[in-house]
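Here the structure is laid out as structure tokens; the discussion comes afterwards.
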Amino acid sequence: MSFFRPSSMLPRLKPLSSKRSSIVTVLDIGSSKVVCMIGRLTPVEGADILAGRSHKIEILGIGHQKSRGLKAGVISDMDAVESSVRLAVDAAERMAGVTVESLIINVTAGRLRSETHSASVNLGGHEIAAGDLSKAVNAATRQSHQPERAILHSLPSSYTLDGERGIRDPGGMYGDVLGVDMHVLTADRAPLKNLELSVNRAHLTVEAMVATPYASGLAALVTDEAEMGCAAIDLGGGTTTISVFYEGRLVHADAIALGGQHVTMDLARGLSTRLEDAERIKVVHGSALPQAGEDRDVISVPPIGDDDRDQPTHVPRGLVSRIVRARVEETLEMLRDRIQQSGYSTIVGKRIVLTGGASQMTGLTESARRILARNVRIGRPLGVSGLPAAAKGPTFSTAVGLMIYPQVAHLESHGAGEGGMAAIAGAGGRLSRMGQWLKESF
């Protein structure tokens, strides 16, 4: 059963306890894999961990399955997605020894769109109180409300006081006019509703939805990168997402429907072989850069049929690399243009972090440095204990970012009456819905 509200605003998570541990479950629903992680978040002193983190994360259980029923982040087969979700969650539950009822999921589909809105309120010279901040934030956020779109994230990027810009926290200051610039990230409601429904069908409640670029950036960027300005590019199977962070906060996000699976499809077509064989050839022989002797080396390509009389064909390894490079360069050039068009190219500066499964392709880092004309490194999940060795690479950045998200959810400012646990995505489960019914009925 779905619990979407008429409003286009998503809920905020219940704040994490600063005194006791919390169990958090997340679900990364990608085009190539579905990952469920169950973790314990334990409050610690900020000096002991990465800046901005209030809790230590220990992974108790992890389960992952091959993704079925998704194409470029959009659900094409609800039953197949439900099956993948069930299997991934069941594996994580058995490993952690707990039963999952609600979880945090990621969102890639829905034509993610970043907008910046400004609003101001008159203070009359008095001290800025919480109500003044809420009034300014609500006025800015309301400008994004559209019936067909839902607000995933709403973050104040900066405040102004009497024309003075660059104020990060104006609480307690005095002035006449308080202004705020809000970064609002929205998505189409229909794909979000379908995503929630696929999870509901597995008898699970969606506690919150987090944009994939936000989650992967939280996991892969170090503190200095997020403060000074940096872009995180998550190269997934069916989509590639961009997130730009500045002064520790997400200021822009975008997504394109190109990923590692498109390279595999190009190889399958160009070499006339099965998708699984094309994937193996990509991993073993593919390169985003020209390599010495690649046209002299010959590789065997299995036939596409099952007829025993069909013989493998032999092609130069250079042909494989040329097919790979064509798609990789197209993707990187599109990313370069998107960053330029965003208006945040200057803030990104010379810093790019690549993450996601497709970022591990041979030669991709060097190719990205050339095309993006920036310093590039591979980003792996940071500040998490208990991860199996196989899950410590960039492939699992989004899932780890979802686990980090509850620690930064309080930075978001939602419109009046839209906070708390009652949910577009069922946040808080039955109790919150009962509270909402009581509030509306009496």
Side-chain angles (χ1 to χ4, degrees), residues 30-33 72-73 108 212-213 216-217 219-222 225 230-244 254-271 275 278-295 297 299 317-340 348-382 390-398 400-401:
S31 298
S32 58
K33 69 184 185 314
T108 308
T212 298
S216 56
L221 298 185
V222 299
E225 288 170 335
C230 184
I233 295 176
D234 187 327
L235 294 144
T239 57
T240 296
T241 65
I242 311 166
S243 56
V244 179
D254 201 354
I256 59 174
L258 287 175
Q261 290 177 352
H262 292 80
V263 178
T264 304
M265 185 68 74
D266 289 348
L267 285 171
R269 288 172 175 156
L271 303 177
L275 283 170
E279 178 69 21
R280 180 187 59 80
I281 291 170
K282 179 183 76 173
V283 172
V284 175
H285 301 290
S287 174
L289 284 179
Q291 294 182 320
E294 62 181 17
D295 284 321
D297 298 338
I299 65 171
R317 186 163 55 89
L319 174 61
V320 173
S321 290
R322 282 191 287 275
I323 294 172
V324 169
R325 284 200 298 274
R327 180 65 80 172
V328 167
E329 289 177 359
E330 177 195 8
T331 304
L332 291 171
E333 286 167 0
M334 191 176 293
L335 292 169
R336 178 194 62 199
D337 294 343
R338 288 292 183 96
I339 292 172
Q340 192 66 38
V348 171
K350 291 292 183 181
R351 290 172 290 275
I352 295 280
V353 175
L354 300 181
T355 192
S359 68
Q360 300 173 96
M361 191 182 302
T362 302
L364 184 64
T365 304
E366 293 79 4
S367 185
R369 286 194 186 106
R370 176 176 59 83
I371 293 174
L372 300 176
R374 288 174 163 91
N375 298 324
V376 175
R377 72 171 181 87
I378 299 294
R380 294 172 174 81
L382 302 167
K392 291 182 177 179
T395 304
F396 291 85
S397 288
T398 298
V400 171

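What you are looking at is a predicted structure, and each value in this text was computed from that prediction instead of being measured.
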TODO: Using a strict cut-off of less than 4.0 Å between a Lys/Arg side-chain nitrogen and an Asp/Glu carboxylate oxygen, indicate whether Glu279 and Lys282 qualify as a salt bridge.
DONE: yes

Task: Flag if over 12 foreign heavy atoms under 6.0 Å of CD, Gln340 - done: no

Open item on the list: The test is side-chain contact (heavy atoms from CB on, under 4.5 Å); show your working for Ile323 and Leu271 and say whether it passes.
Closed with: CA-CA 9 Å; Ile323 294 172; Leu271 303 177; 4.3 Å; yes

Open item on the list: With a 4.0 Å cut-off on N to O distance, would you call Asp295 and Arg322 a salt bridge?
Closed with: yes

Task: Thr355 side-chain N/O to Gly379 backbone N/O, donor-acceptor pair under 3.5 Å - done: yes

- [ ] To the nearest 0.5 angstrom, please state how far the CD1 atom of Ile281 sits from the CD1 atom of Ile299.
- [x] 5.0 Å

Task: Main-chain N/O of Lys392 paired to Arg380 side chain as donor or acceptor, under 3.5 Å - done: no

TODO: Would you confirm whether Arg351, through its side chain, and Asn375, through its main-chain N or O, come within 3.5 Å as a donor-acceptor pair?
DONE: no

Task: Residue among Thr398, Val353, Ile242 satisfying side-chain contact (heavy atoms from CB on, under 4.5 Å) with Ser216 - done: Thr398

Open item on the list: Once rounded to the nearest 0.5 Å, what's the spacing between atom CG of Asp234 and atom OG1 of Thr239?
Closed with: 7.5 Å

Open item on the list: To the nearest 0.5 Å, what is the distance between CZ on Arg370 and CG on Leu332?
Closed with: 8.5 Å

Open item on the list: If I take atom CG from residue Leu354 and atom OG1 from residue Thr365, how far apart are they, to the nearest 0.5 angstrom?
Closed with: 5.5 Å

- [ ] Among Glu294, Glu330, Glu333, find the one that has a salt bridge (charged side-chain N to carboxylate O under 4.0 Å, His left out) with Arg325.
- [x] Glu294

- [ ] Keeping the roles fixed (side chain from Thr362, backbone from Ser287), state whether a donor-acceptor pair exists under 3.5 Å.
- [x] no

Open item on the list: Determine whether Val324 and His285 satisfy the following criterion, side-chain contact (heavy atoms from CB on, under 4.5 Å), listing intermediate values before the conclusion.
Closed with: CA-CA 10 Å; Val324 169; His285 301 290; over 6 Å; no

Task: From CA spacing to verdict: side-chain contact (heavy atoms from CB on, under 4.5 Å), Met265, Leu275 - done: CA-CA 7 Å; Met265 185 68 74; Leu275 283 170; 4.0 Å; yes

- [ ] Report the C-alpha separation of Thr240 and Arg338 in whole Å, then their side-chain angles, then the decisive distance to 0.1 Å, and conclude whether the side-chain contact (heavy atoms from CB on, under 4.5 Å) test is met.
- [x] CA-CA 12 Å; Thr240 296; Arg338 288 292 183 96; over 6 Å; no

TODO: Take Gln360 and Thr395 through the test side-chain hydrogen bond (donor to acceptor under 3.5 Å, both in side chains) and record every step on the way to the result.
DONE: CA-CA 9 Å; Gln360 300 173 96; Thr395 304; 3.0 Å; yes

Task: Spacing of CZ belonging to Arg327 relative to CE belonging to Met361, to within rounding of 0.5 Å - done: 11.0 Å

Task: Asp297 side, atom CG; Leu319 side, atom CG - distance, nearest 0.5 Å - done: 13.0 Å

Task: Minimum heavy-atom distance between Ser243 and Gly217, given as atom pair plus value - done: OG-CA, 4.0 Å

TODO: Heavy atoms only: give me the nearest Gly238-His262 pair and the separation to one decimal.
DONE: O-CE1, 3.5 Å

